[in-house]
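What follows is one structure encoded as structure tokens, with my remarks underneath.
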Amino acid sequence: MTLQRKTGLKRSGFVRKPGSPFSSFANRATAARRTTMKRRAKKPTVAEGSKYLAACRGEPCYLRVPGVCRLDPNDETVVPCHENSLAAGKGMGLKSNHARTVPGCFWCHVWLDQGPAERAVKQSVFLPAFDEWEPVRARKMGLQEVIA
Ligand SMILES: [Zn+2]
């Protein structure tokens, strides 16, 4: 009795709309392709990673730490500053995530990397800087379609 009921429910799940026998196959193929693209976007290659670093070149400082930054729009000391240099496990096998970088001048970089400020304070500088920088970087790298 139980078996019969199970079979009945199962069968109703396989009902196809008449006239479009291949629609479910097409949908599955599209979904698979989408999944692949997503996975690729999440795992940038080394070459893609260095593109993020290169994008920081010639940029002004985005960190603009109050009292630290010289706020020079033509600052030539700007380098990519990594978010995960803020992590507690720095230097313990953590890989640098080049995508999570922001252009920062020498002074802000030192403040972020080696400064005595608390991690939460550093995060409160890094995160808005990253929000500001990311769309600029995307435009610079011609990756608008990935963001959208
Ligand atoms: Zn700065």
Side-chain angles (χ1 to χ4, degrees), residues 6 9-10 12-148:
K6 248 187 196 167
L9 283 171
K10 225 179 206 173
S12 69
F14 280 97
V15 170
R16 284 209 183 123
K17 277 175 194 162
S20 57
F22 297 108
S23 65
S24 68
F25 288 104
N27 287 342
R28 207 176 302 152
T30 311
R33 217 178 305 133
R34 259 188 219 131
T35 311
T36 311
M37 280 169 74
K38 247 187 220 160
R39 211 178 293 140
R40 224 180 279 150
K42 268 185 198 162
K43 270 193 167 180
T45 64
V46 174
E48 279 167 339
S50 43
K51 265 194 252 170
Y52 294 123
L53 302 184
C56 292
R57 256 180 246 146
E59 292 295 327
C61 178
Y62 275 72
L63 293 171
R64 296 193 299 269
V65 182
V68 171
C69 193
R70 299 196 178 181
L71 302 169
D72 178 358
N74 301 310
D75 200 308
E76 286 180 1
T77 68
V78 168
V79 291
C81 302
H82 287 80
E83 179 187 34
N84 63 0
S85 65
L86 307 178
K90 189 194 176 189
M92 298 179 76
L94 259 187
K95 265 196 179 173
S96 291
N97 182 358
H98 296 329
R100 298 288 291 178
T101 51
V102 161
C105 72
F106 172 80
W107 293 273
C108 291
H109 190 214
V110 169
W111 177 87
L112 190 76
D113 249 24
Q114 295 143 43
E118 274 179 44
R119 199 177 155 228
V121 178
K122 291 179 177 181
Q123 287 276 10
S124 75
V125 165
F126 184 91
L127 295 177
F130 184 75
D131 283 347
E132 187 188 347
W133 164 236
E134 203 204 7
V136 177
R137 179 181 71 185
R139 238 173 289 134
K140 199 172 175 181
M141 293 170 64
L143 290 178
Q144 298 100 311
E145 67 274 13
V146 172
I147 303 300

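Ligands are counted one by one from 1 in listed order, and the atoms in each one are counted from 1 as well. Side-chain atoms are counted along with the backbone in the values below, which use heavy atoms only and exclude waters and symmetry mates.
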* Taking only Lys NZ, Arg NE, NH1 and NH2, and the carboxylate oxygens of Asp or Glu, determine whether R137 and E132 approach each other closer than 4.0 Å. =>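 Judged by the 4.0 Å cut-off on N to carboxylate O distance, R137 and E132 do not form a salt bridge.
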
* Asked: Would you find more than 12 non-hydrogen atoms of other residues, nucleotides or ligands less than 6.0 Å from F106 atom CZ?
  ->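 No - once you tally the heavy atoms of other residues, nucleotides and ligands closer than 6.0 Å, there are 12 at most.
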
* Q114 vs H109, side chain to side chain contact (heavy atoms under 4.5 Å, CB included): CA-CA, chis, key distance, verdict -> CA-CA 8 Å; Q114 295 143 43; H109 190 214; over 6 Å; no

* Could you grab the distance from atom CZ of R119 to atom CG of L112, nearest 0.5 Å is fine? =>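 So the CZ of R119 and the CG of L112 are separated by 11.0 Å.
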
* Between K122 and G115, is there a donor-acceptor pair closer than 3.5 Å when you use the side chain of the first and the backbone of the second? ->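 Checking the backbone N and O of G115 against the side chain of K122, a donor-acceptor pair under 3.5 Å is found.
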
* Excluding sequence neighbours, so at least two apart, what forms side chain to side chain donor-acceptor pair (under 3.5 Å) with T77? ->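 Scan of T77 (side chain to side chain donor-acceptor pair (under 3.5 Å), adjacent residues dropped) gives D75.
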
* Around the Zn ion (ligand 1), what protein N, O or S atoms are found below 2.8 Å? ->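 Checking every protein N, O and S atom gives C61 SG, C69 SG, C105 SG, C108 SG.
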
